[in-house]
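Below: one structure, written as structure tokens.
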Amino acid sequence: MLLAAVLIAALAIGAGLVRAAFYQASAAAPIPAAGTPAGVAGQCAGQPVQAARELRGMWLTTVYNLDFPSRPGLGQDRIEAEYKGWLDLAVKQNHNAIFVHVRPSGDAFWPSAYAPWSNWLTGRFDGKSPGWDPMEFMVAEAHARGLEFHAWFNPYRGTQPAPSGVGTDATKLAPNHPLRQHPEWRLAYPKGETGRFYFDPGIPAARKFVEDSMLEAVEKYDVDGVHFDDFFYPYPEEGQDFPDAASFAKYGGGKSKADWRRENVNTLVREMHERIQQIKPWVSFGISPFGIWRNRDTDPQGSDSNGLESYDAIYADTRKWVRAGWLDYIAPQLYWTIGFDKADYTRMLKWWTALTKGTKVQLYIGMADYRVGEKGDWSDPAMLDREMTLNNRYGVQGEIHFSAEQVRDDKLGAVTRYRKTHYASPALPPRPARLTGAAVPANPRLTAANPDASGRLVLAADGLSATNWALYRTTGGGPATLVATGRAGAEIADPKPAANATYCLSAVDRSGNESPLSPGLTVPAA
């Protein structure tokens, strides 16, 4: 069973992951707010404000139903309930973002003019609608909990291997599948049972279609980010070359095939960055690539490592994307331990830190929660905690955990350990570097507070005109700390209120810019 699970994971998430490895109060009358002067930036009731600025998220994988939905073909009520459960987990972990796999392989979790409905959702390959819009629901529910929603796409994968996927049998493609309608864009790789269809990255019309299909979701939904992982050209199979000879002959333009392939991927990344900014400038664009660009033995600019090189093997010039500023963030998959000889976590972290230093590209790290409990160094329940301590030391601006199931399962108590150390209180997402300098929102005003039957303190406010809010609390003996965040319109509440506390509220816009804090509202002991 373990072997089968590993094989499924390899097929679903890709060879990259395998290769990378080795608060009860009774109701009370509302407390009116006294008239007070305007709030002060960075202060609450005379106390300094303290809040972490870092991204905290997890990947919610839909391919092969690894995380969500639990199986294909479930009804709307069951799917909605499962999704809410994952969001509740994220909130419990003090995450502020979720990365949802909405285009795992040439399909869609929304009604799309460019792609059939995903069989991981519907349980069918016919592309027919399930009769509702999961994407609209998922975005709204994430925002209601103060979580950013990052739409995770695989650009070029067209199918997954049979029998769970269509594989390379074109007759099984949904009638509206673009690779059925445009067989000239279709490439099968590798040969045999693990084969799948790809959109040919070398055909400009195919690339434009793939971009349009993803940007459709950006236009239709209030997403906060567009996210790719490490799949562009497929990982190599021994003795097989990706069968793009025809498009290379037509569009190669005299370049070597390797340079041409890299340029095709570069064009996709650059154009997606440009087009997202044209549509919705506040939407961030980031990629989570394989953790090695090139090894130092191959290129003096490379890392002190000895593993698969994404530059050469999958034609992903991650270093160039950062240096050219085509991304808002990069989240390399550093799925190795501290001390691993081929790709030591500390050495790799230093390389990525140096690469992003002085750029407007933020550095997050893809964390290998899925590896906890493996033999060797991964049997240490403190490994992720130790790695995240290094992240803090080197100025990393956040983490994304792979994947949601492992965060929930908490093997060896590793998740509980790093949550207590690193995620003990909420955090605001980082400000995208290219959007800093915008005018800050006007500060809101807290008007009342009322304990509810569950023990929470629910607050009312006016003047909240920005997209999000942040709630701070101080008891006068130290800094005001962040206790909750949320979307404008969502209930403002402290889940675990303290006696004789003073609260302040700020408004946070789509760019992450924060207003001066509201005048303080003091809530006496019950």
Side-chain angles (χ1 to χ4, degrees), residues 16 99 103 106 114 150-157 185 198-219 223-234 242 244 247-248 250-290 292-294 299 301 309-333 352 355-364 432-436 511:
F99 295 74
R103 177 192 166 88
Y114 296 86
H150 292 251
W152 169 18
F153 305 91
N154 290 138
Y156 288 125
R157 284 188 165 185
W185 297 349
Y198 287 86
F199 291 81
D200 188 342
I203 299 177
R207 181 177 64 241
K208 173 65 162 50
F209 184 92
V210 167
E211 291 178 12
D212 291 345
S213 68
M214 296 183 291
L215 291 167
E216 178 192 44
V218 178
E219 293 173 329
V223 302
D224 301 286
V226 169
H227 181 77
F228 295 167
D229 51 29
D230 57 331
F231 297 130
F232 298 98
Y233 281 89
F242 190 63
D244 57 355
S247 56
F248 176 58
K250 186 173 182 178
Y251 300 107
K255 298 182 178 71
S256 70
K257 182 176 283 190
D259 286 343
W260 172 71
R261 286 175 172 173
R262 272 187 291 272
E263 187 57 30
N264 292 333
V265 179
N266 289 342
T267 300
L268 172 76
V269 172
R270 174 178 52 78
E271 290 183 351
M272 283 296 294
H273 180 248
E274 293 170 351
R275 297 182 68 186
I276 291 168
Q277 290 191 48
Q278 291 167 2
I279 298 168
K280 293 181 178 178
W282 58 87
V283 171
S284 64
F285 176 45
I287 295 176
S288 179
F290 183 79
I292 299 173
W293 171 68
R294 300 188 94 184
D299 189 313
Q301 302 296 326
E309 300 167 297
S310 60
Y311 179 94
D312 302 279
I314 56 175
Y315 311 100
D317 193 352
T318 52
R319 183 173 178 268
K320 182 169 185 174
W321 306 343
V322 172
R323 293 170 65 86
W326 294 338
L327 303 172
D328 293 305
Y329 70 85
I330 195 161
Q333 298 170 16
W352 285 100
L355 175 63
T356 54
K357 185 178 180 179
T359 73
K360 291 187 177 182
V361 179
Q362 294 167 326
L363 177 62
Y364 309 147
R434 64 177 171 83
L435 295 177
T436 56
S511 304

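- If you look at Phe228 and Phe285, their ring centroids are closer than 6.0 Å.
- No cation-pi contact links Arg319 to Tyr311, judged by a cut-off of 6.0 Å to the six-membered ring centre and 45° from its axis.
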Tell me, with the steps shown, if Val210 and Trp185 meet side-chain contact (heavy atoms from CB on, under 4.5 Å). CA-CA 11 Å; Val210 167; Trp185 297 349; over 6 Å; no
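- Taken to the nearest 0.5 Å, the CD atom of Glu271 stands 6.0 Å off from the OG1 atom of Thr267.
- The aromatic rings of Trp260 and Phe248 are tilted relative to each other, their planes meeting at an angle between 30° and 60°.
- Within the 4.5 Å cutoff, no side-chain heavy atoms of Glu219 are placed close to those of Lys280.
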Test side-chain contact (heavy atoms from CB on, under 4.5 Å) on Gln362 and Thr356 and set out the steps. CA-CA 7 Å; Gln362 294 167 326; Thr356 54; over 6 Å; no
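- The nearest pair of heavy atoms linking Val361 to Gly325 is CG2-CA, 4.3 Å.
- Ring planes of His150 and Tyr329: perpendicular class, angle over 60° (limits at 30 and 60°).
- Counting heavy atoms from C-beta on, the side chains of Asp224 and Val283 never come closer than 4.5 Å.
- Here the side chains of Pro201 and Tyr233 are in contact, with some heavy-atom distance below 4.5 Å.
- Salt-bridge annotation for Arg207 and Asp200: absent, with no side-chain N of the basic residue lying under 4.0 Å from a carboxylate O of the acidic one.
- Sparse packing is recorded around NZ of Lys360, with 12 or fewer heavy atoms of other residues, nucleotides or ligands lying under 6.0 Å away.
- Taking 4.5 Å as the limit, every side-chain heavy atom of Tyr251 sits out of range of all side-chain heavy atoms of Asp244.
- In this structure, Tyr156 has its ring center at least 6.0 angstrom away from the ring center of Phe232.
- Inter-residue side-chain proximity for Tyr198 and Arg157 is flagged as met; some heavy-atom pair is nearer than 4.5 Å.
- At distances below 3.5 Å, at least one donor-acceptor pair connects side-chain atoms of Ser288 with backbone N or O atoms of Ala331.
- When all heavy atoms of Ala217 and Val223 are compared, the pair lying nearest together is O-CG1, 4.4 Å.
- Distance CZ/Phe231 to CG/Asn154: 6.5 Å, rounded to 0.5 Å.
- Using a 4.5 Å cut-off on side-chain heavy atoms (C-beta onward), Leu215 and Ile279 make contact.
- Here CG of Leu363 is found 11.5 Å from CG of Leu327. Values are rounded to the nearest 0.5 Å.
- For Trp293 and Asp317, the side-chain atoms include at least one donor-acceptor pair closer than 3.5 Å.
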Test side-chain contact (heavy atoms from CB on, under 4.5 Å) applied to Thr318 and Phe290, step by step: CA-CA 9 Å; Thr318 52; Phe290 183 79; over 6 Å; no
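- Counting heavy atoms from C-beta outward, Arg103 and Ser213 have side chains that approach closer than 4.5 Å.
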For Glu211 and Arg275: C-alpha separation, side-chain torsions, deciding distance, then whether salt bridge (Lys or Arg N to Asp or Glu O under 4.0 Å) applies. CA-CA 9 Å; Glu211 291 178 12; Arg275 297 182 68 186; 3.0 Å; yes
Carefully, step by step, assess Val226 and Ser284 under the rule side-chain contact (heavy atoms from CB on, under 4.5 Å). CA-CA 6 Å; Val226 169; Ser284 64; over 6 Å; no
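- Residues Ser511 and Pro432 come closest through the heavy atom pair O-CD, 3.3 Å.
- Taking each heavy atom of Phe199 and Gly106 in turn, the nearest pair found is CE1-CA, 4.2 Å.
- Ile287 is not listed as a side-chain neighbour of His227, based on a closest heavy-atom distance of 4.5 Å or more.
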